[in-house]
Protein chains: 2
Amino acid sequence: MSNVTIKDIARMAGVSHTTVSRALNDSPLINPETKEKIKSIAGSLNYTPNYSAKSLVLDRSYNLGLFFTTLRQGTSPGFLYEAIKGVNEIIKDRYNLIVRGIDDYKSYHHVNRKSFDGIMLMSQSAADQPFIEYASDHGIPFIVLNREVEMSGVVNLIPDDQSGAYRMTEYMLRCGHRRIAIVEGKAGFKSAQARKEGYREALLAYGIPLQDELCIRGDYGLESGYKAMVRLLALPERPTAVFCSSDDMALGAVKAAVERGLRVPDDVSVAGFDDTGYSAFTTPALTTVRRPIEEMSRAGAERLMALLETKESAERKTLFHTELIVRDSVKRLNTE
Amino acid sequence: MSNVTIKDIARMAGVSHTTVSRALNDSPLINPETKEKIKSIAGSLNYTPNYSAKSLVLDRSYNLGLFFTTLRQGTSPGFLYEAIKGVNEIIKDRYNLIVRGIDDYKSYHHVNRKSFDGIMLMSQSAADQPFIEYASDHGIPFIVLNREVEMSGVVNLIPDDQSGAYRMTEYMLRCGHRRIAIVEGKAGFKSAQARKEGYREALLAYGIPLQDELCIRGDYGLESGYKAMVRLLALPERPTAVFCSSDDMALGAVKAAVERGLRVPDDVSVAGFDDTGYSAFTTPALTTVRRPIEEMSRAGAERLMALLETKESAERKTLFHTELIVRDSVKRLNTE
DNA sequence: AATCCGATTGTTAACGTGTGCATGGCTATG
DNA sequence: CATAGCCATGCACACGTTAACAATCGGATT
């Protein structure tokens, strides 16, 4: 049992517990020989510091929060996975990573400076604005990932969704598509808006008007992609290509098309967004936009650690590049 | 700032901090009126207890661990997602859920009774036996999910993989398949072994010998399913059905088949295991075995909470039912 | 020889909370 | 009226750690 305290060590070493504390924290005040002796005793006793006690006096909890807007809906497994993986690669052993959806909290009461040294918010919707203000008001060091936030002074790492969507739409246009539909993301999600905007811009650049009947609202989930496609296929003049704002919705869309006897991409092209691990293995392999979630999370963790150790923080806003991944689900109509 | 302490409240209420402490903890010793008064002051001051201090004196950290064998490889995003979701639904606000792969720790030094009130281990491989022993030796309350563990006295919740695999194989046999291959899970993973065993048993029941050339080792990942299928298709006499030990591998397998001009399930049948959210939306929709990860995690969290609050713990081992999900990826060869 | 200084160690208090024991007031009982 | 008993509260300490300040010692400086 690790009930060993510095006082026990002090007794064995014939010194005061203060000296032990200093020795174990590598204080330069302590005689090197004493230090060695104390460390070896600590080692042999298998001493582990009591972090609750440290926390109390040092005013640090050693807890880091990784919060999502929600874990219930609108957060894809792949997204969660990459984010956790990225962060866990960076943080030191002594930090605890606490994962939670902010909608899991009945009140933010338990979220405070004493309980969290810092927080990374994977923000997906404007709905977490209150949370951001709460964190800011309570002086909790935090950074916001994934969603652009207007607040000044906040470290903000975001993927360049808009230009990703632009490039995808442009790619479809270059392939000769002119009647291009979009299945939008979840209402209220900034990412949904950015992707729509990239789509709109690209169409504009090619002088093609935005048509309401080709814009269908989804919620990023599989099912909503399916339903959206069903509606698109029922149109008098149906689109030749469908840009889905998430890979999951693209899967749903493909499903709907195939069920109705259409081949993808021969009869209708479908593209996604995210490049989840699955996209390369669907049939057909999905043309999509890669979003560097893991890199972004890693960078976020690094920035947060830096922010905690030295009080300075570098640039506020950083864009992470998204990348067009061409696979097999969009057909080339011309020979350009 | 939440620098309010019970002493501040005590001063304002004209009582001792002891009384405040008791009042806020609903001690029956305190006069109801005093209690009300104190609570209202605490409320208006927006008081939050300092959990580091509480931890120190109560010897509880309010941290719960959700540990995986690894987060790097062999853990699918969907698995992680469902587990976290299940646990987060149960645990109370005041608990922190700490998610980590045990292979992230350089040493277990930071894992101890003071830092974790309890641990749920999503065990996937025998490789975490040392960790289990460590936790046991250090007297940390813990339960093991997902993998059967021999240790006595450990609460152990596991999905009935073996009978799931049995039912799947049996289903294929009933459909008239006789030459059935298996793509096995990651070496060393208990789940891989259990699924293989169910497969073996079913074949045996139908008097069909196990053939080594039809058993290919995979690692649960997409890529490995692809490669396994490539090998199977290169066989002189190829299987009519392939049972993959995970949905991900099934996706990979389908991919390989389609690339070689084969249709699933018309030319070759493929089945998976897990019933990830995607299985219903692949083309063709995947026939698979549902594994109740979320339910199991929820139950695990409940059991752990119970174990922490009252020291008793109910039955040791609980099996969670797996369920055959018939979709479109396995062809019926007969008309039985 | 008196003083000072640097190196090392110890004394003591502090962080915010919970709890055993003592205290004081009030009521009921004889 | 005295005493027992209960209810409500306070006092003092504990939890394990860090840190400001004091203390000791030996040697160097004046």
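Order of the sequence lines fixes the chain letters, A, B, ..., with proteins taken first and strands second; residue numbering starts at 1 for each chain. For clarity, every value in this text was computed on a predicted model and none was experimentally measured.
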Check A/D104 with B/K85, please: is the shortest side-chain N to carboxylate O separation under 4.0 Å? no
- Taking NZ, NE, NH1 and NH2 as the nitrogens, is one of them in A/E33 or A/K37 under 4.0 Å from a carboxylate oxygen of the other? no
Interatomic distance where [atom1] belongs to [X] and [atom2] belongs to [N] [whole Å]:
X: B/L24; N: C/dG16; atom1: CG; atom2: C1'; result: 13 Å
X: A/N3; N: D/dA14; atom1: CG; atom2: C1'; result: 15 Å
X: B/I38; N: C/dT17; atom1: CD1; atom2: C1'; result: 15 Å
X: B/K37; N: D/dA8; atom1: NZ; atom2: P; result: 15 Å
X: B/L29; N: C/dG24; atom1: CG; atom2: P; result: 18 Å
X: A/I6; N: D/dA14; atom1: CD1; atom2: P; result: 16 Å
X: B/N50; N: D/dT17; atom1: CG; atom2: P; result: 17 Å
X: A/N31; N: D/dC25; atom1: CG; atom2: P; result: 16 Å

Sugar-phosphate, base or nothing in reach of [X], heavy atoms under 4.0 Å:
X: A/S16; result: base
X: A/S55; result: nothing
X: B/I30; result: sugar-phosphate
X: B/Y47; result: sugar-phosphate

Looking only at side chains, do [X] and [Y] share a donor and an acceptor under 3.5 Å apart?
X: A/S191; Y: A/D161; answer: no
X: A/T19; Y: A/S16; answer: yes
X: A/Y62; Y: B/S115; answer: no

Subject >> Candidate list A/Y134, A/F142, A/F116, test ring-ring contact (aromatic ring centres under 6.0 Å, His included), partner A/F67, passing option >> reply: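 Exactly one option meets the ring-ring contact (aromatic ring centres under 6.0 Å, His included) with A/F67, and it is A/F116.
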With A/F131, which of A/Y108, A/F68, A/Y105 fulfils ring-ring contact (aromatic ring centres under 6.0 Å, His included)?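 Only one option passes, and that is A/Y108.
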By nearest-heavy-atom nucleotide on DNA chain D, the more 5' of B/G14 and B/L56 is B/G14
From the set [options], return the single nucleotide nearest to any side-chain atom of [X].
X: A/T19; options: C/dT17, C/dT9, D/dG10; value: C/dT9
X: B/P49; options: C/dT17, D/dG16, D/dT18; value: C/dT17
X: A/K54; options: C/dT8, D/dT18, D/dT9; value: D/dT18

N/O contacts under 3.5 Å, protein versus nucleotides 19-22 of chain D?
| residue | atom | partner | partner atom | Å |
| --- | --- | --- | --- | --- |
| D/dA19 | N6 | A/T18 | OG1 | 2.8 |
| D/dA20 | N6 | A/R22 | NH2 | 3.2 |

- Any B/T34 side-chain N or O less than 4.0 Å from OP1/OP2 of D/dT9: yes
